[in-house]
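Only a predicted model underlies this, so the values are computations on that prediction, with no experimental measurement involved. In what follows, every heavy atom counts, from backbone to side chain, and hydrogens, waters and symmetry copies are set aside.
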Amino acid sequence: MTATHPPLTDRELQTLRHVAAGRTYLQTARAMGVSRHTVDTYMRRIRAKLGHASMAELTRIAVSLGL
């Protein structure tokens, strides 16, 4: 993530951490106490903010952020 991208919210970072760790959207939703639809929405926002669509790239970003 660079300065040219909008910052991720705390909930988006939490979502990215779970999904990058290999959890499904449903597992992530249960862990966060939200619906699967909410996790999907967070992931769409993350992809839009970071400009990346692949999970591999999102995982690399999560690792670089220390998540």
Side-chain angles (χ1 to χ4, degrees):
M1 188 162 50
T2 65
T4 61
H5 293 85
L8 298 178
T9 66
D10 289 341
R11 291 300 263 182
E12 290 166 347
L13 288 170
Q14 184 180 15
T15 302
L16 182 57
R17 181 182 323 113
H18 283 287
V19 173
R23 293 181 184 91
T24 66
Y25 284 16
L26 182 58
Q27 291 169 327
T28 299
R30 287 180 178 159
M32 293 175 61
V34 298
S35 73
R36 186 205 169 284
H37 175 75
T38 301
V39 171
D40 184 59
T41 299
Y42 286 147
M43 288 303 295
R44 279 188 272 126
R45 288 180 186 168
I46 291 166
R47 284 186 169 98
K49 285 181 178 182
L50 299 180
H52 300 283
S54 80
M55 275 310 301
E57 185 63 16
L58 291 175
T59 300
R60 185 197 66 74
I61 291 169
V63 169
S64 73
L65 292 173
L67 301 177

Visitor: In the single-linkage hydrophobic clustering (I, L, V, M, F, W, Y; side-chain heavy atoms under 4.5 Å), do L65 and M32 co-cluster?
Guide: yes
Visitor: Not counting sequence neighbours, which residues clear side-chain hydrogen bond (donor to acceptor under 3.5 Å, both in side chains) with R11? List them please.
Guide: Q14
Visitor: Considering all heavy atoms of both residues, which atom of R17 and which atom of L67 are nearest to each other, and what is their separation?
Guide: CG-O, 3.3 Å
Visitor: Among all residues two or more places apart in sequence or in another chain, which pass the side-chain contact (heavy atoms from CB on, under 4.5 Å) test with R23?
Guide: H18, A21, Q27, T28
Visitor: Check whether the side chains of T38 and T41 place a donor and an acceptor atom closer than 3.5 Å, and report yes or no.
Guide: no
Visitor: From T24 OG1 over to R30 CZ, what is the distance, rounded to the nearest 0.5 angstrom?
Guide: 8.0 Å
Visitor: State the CZ-CD distance between R44 and E12, to the nearest 0.5 angstrom.
Guide: 12.0 Å
Visitor: Under the side-chain hydrogen bond (donor to acceptor under 3.5 Å, both in side chains) test, which residues partner T59, sequence neighbours left out?
Guide: none
Visitor: Could you measure the distance from the OH atom of Y42 to the NZ atom of K49? Nearest 0.5 Å is fine.
Guide: 10.5 Å
Visitor: Out of the candidates I61, L13, T15, only one should pair with L8 under the side-chain contact (heavy atoms from CB on, under 4.5 Å) rule; please name it.
Guide: L13
